[in-house]
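Shown next, in structure tokens, is the structure this report addresses.
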2 protein chains.
Amino acid sequence: MGAANTYHHGNLREALLEAGAKLIEEKGIADVSLRAVAKAAGVSHTAPYRHFNDKNAMLRGIAVTGFRLLGQRLGQAVELHPGDPGQQLTAAGVAYVELAIEHPRLHNLMFGGVLADDSVDDALEETSNHAFRGLADIIARGQRAGVFREGDTDELALTAWSVVHGFAMLASTGSLDHRAASREAKLALARRIADSLLIGLATR
Amino acid sequence: MGAANTYHHGNLREALLEAGAKLIEEKGIADVSLRAVAKAAGVSHTAPYRHFNDKNAMLRGIAVTGFRLLGQRLGQAVELHPGDPGQQLTAAGVAYVELAIEHPRLHNLMFGGVLADDSVDDALEETSNHAFRGLADIIARGQRAGVFREGDTDELALTAWSVVHGFAMLASTGSLDHRAASREAKLALARRIADSLLIGLATR
DNA sequence: ACATTTTGTTGACGTTGTCAACATTTTTTT
DNA sequence: AAAAAAATGTTGACAACGTCAACAAAATGT
């Protein structure tokens, strides 16, 4: 288990994910090739095939790290407002939007549909489901506390997810640079929209 | 201005847009090459360059046709419920989702971010703005009629756009096939979510 | 120690987007 | 009506890409 070898990398899988994420952040998904990622990681152009079945499998690996990051952020948002599901929901929504603004190309990889036509990836599905369940849990607690209206929990969660996801998409693609150019303006807008959502979910 | 020529096509630009849209519908954006589109239109592999600067310019042309279609559908939704902004908004939202379900890959081209990093395209920007303005007009009329609450019209429109856009994205990528597999189930879900939205926008 | 498995490299292949050079048709100018 | 110009198409080439097969080195198990 040496450390200074040149032939065997030691941790190439992670290195590729890292290099790939960095390149995507810089140049966008469309302009990142498998070969460029391999080169950035310091290996030959086919070395990635020892760790991923094909290019899309590597992209899915990067998307998974994005979903893990998202899950963490949502968790932090919840912890910031213990016992207050309304605030938790707003904070989670803002956190989601924040991530999309900070890492627009990663967000695009996660939700832009590049991977949509692929055969299902277990790790990807699990991490993305986990992120969604974090949201559904907030809703469920809010319903029990009587601040959110009754009804199918997952459906309310889906509503919230839709708002946040739609806004994040608009924010990350620059579609609303006319209305809100700066990062702060976008987040303020996100907060107000999250409040609109809250009204729709509240008990009347 | 003959009709049966073989060398000059006569209307190649439109033919390419049509063939491209069809191929994308069948195979997805990632699996459609410029050359395949040219072949489907019956011309050589570089003929498209007389009508589009590059591949992405052609894709933007196809996206424009999608935005035009969207604008038409939104217009029809409005006409179906004259004088009732609430119903108009719901119908517009459902129409939007319907389009995304019917043509998921076209929707993906329009909103998936493949074209996001391109230099701005006038025709694309205009048609997409037009679609958004249709929505904003519904909101404005609803505010004047007193059924939607006061406030920045564009911001309310943005909220509505976010919900619908987010849900459409989830619907078109198959992310909610667990909860609602059939087309009808998805549309019913969309209708209920649009109603949630309505509550958030209504005057209290 | 040796055999096996894992992990890396080299070299090749067909496909892709794009460019330069050339051909044909249409339009404009004279 | 003839010539010049512009528009629109084709052919052939190129480098870059994803992927595969064959080989090489290191790590691991016996």
Side-chain angles (χ1 to χ4, degrees), chain A residues 1-21 23-24 26-63 105 109 114-119 121, chain B residues 1-21 23-24 26-63 105 109 114-119 121:
Chain A
M1 28 72 177
N5 282 322
T6 45
Y7 198 94
H8 274 44
H9 185 286
N11 198 16
L12 185 52
R13 200 193 127 96
E14 301 307 313
L16 287 168
L17 292 179
E18 209 166 311
L23 281 178
I24 286 176
E26 289 168 359
K27 313 173 51 178
I29 307 167
D31 290 337
V32 172
S33 66
L34 220 210
R35 295 165 99 111
V37 175
K39 179 174 282 185
V43 290
S44 74
H45 64 274
T46 58
Y49 285 89
R50 300 294 151 189
H51 301 273
F52 305 99
N53 280 333
D54 55 19
K55 184 187 181 184
N56 264 8
M58 194 186 79
L59 293 180
R60 285 198 299 270
I62 297 174
R105 323 237 207 201
L109 172 64
V114 185
L115 314 170
D117 292 334
D118 284 12
S119 63
D121 182 309
Chain B
M1 25 75 172
N5 283 321
T6 46
Y7 198 94
H8 274 45
H9 184 286
N11 198 16
L12 183 54
R13 201 193 125 95
E14 301 307 315
L16 287 168
L17 291 180
E18 211 166 310
L23 281 178
I24 286 175
E26 288 168 0
K27 312 172 52 177
I29 307 167
D31 290 338
V32 173
S33 66
L34 221 210
R35 294 165 99 111
V37 175
K39 180 175 284 186
V43 292
S44 75
H45 65 273
T46 57
Y49 284 90
R50 301 296 150 185
H51 300 273
F52 304 100
N53 280 333
D54 55 18
K55 183 188 181 183
N56 264 8
M58 194 186 80
L59 293 181
R60 285 198 300 269
I62 297 174
R105 323 237 208 200
L109 173 63
V114 185
L115 314 169
D117 291 334
D118 283 12
S119 63
D121 182 311

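Order of the sequence lines sets the chain letters (A, B, ...), proteins ahead of strands, with each chain counted from 1.
Between the C1' atom of dT15(C) and the NZ atom of K55(A) lies a distance of 14 Å, rounded to the nearest Å. Atom CE in M58(B) sits roughly 13 Å away from atom P in dT16(C) (whole-Å rounding). Rounded to whole Å, the distance from CG on D118(B) to C1' on dG17(C) is 14 Å. Distance N11(B) CG to dT25(C) C1': 16 Å, rounded to the nearest Å. dT19(D) atom C1' lies 16 Å from atom CZ of F52(A), rounded to whole Å.
The heavy-atom pair separating L16(B) from P48(B) by the smallest distance is CD1-CA, 3.8 Å. Residues A63(A) and L115(A) share a closest heavy-atom pair of CB-CD1, 3.9 Å.
When the nearest nucleotides of DNA chain D are assigned to D54(A) and G42(B) by heavy-atom distance, the more 5′-ward of the two goes with G42(B).
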Which donor-acceptor pairs under 3.5 Å do the side chains of residues 26-46 of chain B make with protein atoms, sequence neighbours left out?
| unit_1 | atom_1 | unit_2 | atom_2 | d |
| --- | --- | --- | --- | --- |
| S33(B) | OG | A36(B) | N | 3.0 |

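The bend of the helix from dA1(C)-dT30(D) to dT30(C)-dA1(D), defined by the angle between the axes of its first five and last five pairs, stands at 10° to the nearest 10°.
Residues meeting the side chain to side chain contact (heavy atoms under 4.5 Å, CB included) test with E18(A), sequence neighbours left out: none.
Looking only at side-chain heavy atoms (C-beta outward), R105(B) and L109(B) stay at 4.5 Å or farther from each other.
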Report each atom pair, protein N/O against N/O of nucleotides 20-22 of chain D, whose distance is under 3.5 angstrom.
| unit_1 | atom_1 | unit_2 | atom_2 | d |
| --- | --- | --- | --- | --- |
| dA22(D) | N6 | R50(A) | NH2 | 3.4 |

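Applying the salt bridge (charged side-chain N to carboxylate O under 4.0 Å, His left out) test to pairs two or more places apart or on separate chains, those with a residue in residues 47-62 of chain A are R60(A)-D118(A), R60(A)-D121(A).
Each of dT10(D), dT9(C), dG8(C) was ranked by its minimum atom distance to the side chain of S44(A); first place goes to dT9(C).
Only S33(B), L34(B), R35(B), listed by number, bring a heavy atom of residues 29-40 of chain B to less than 4.0 angstrom from any atom of DNA chain C.
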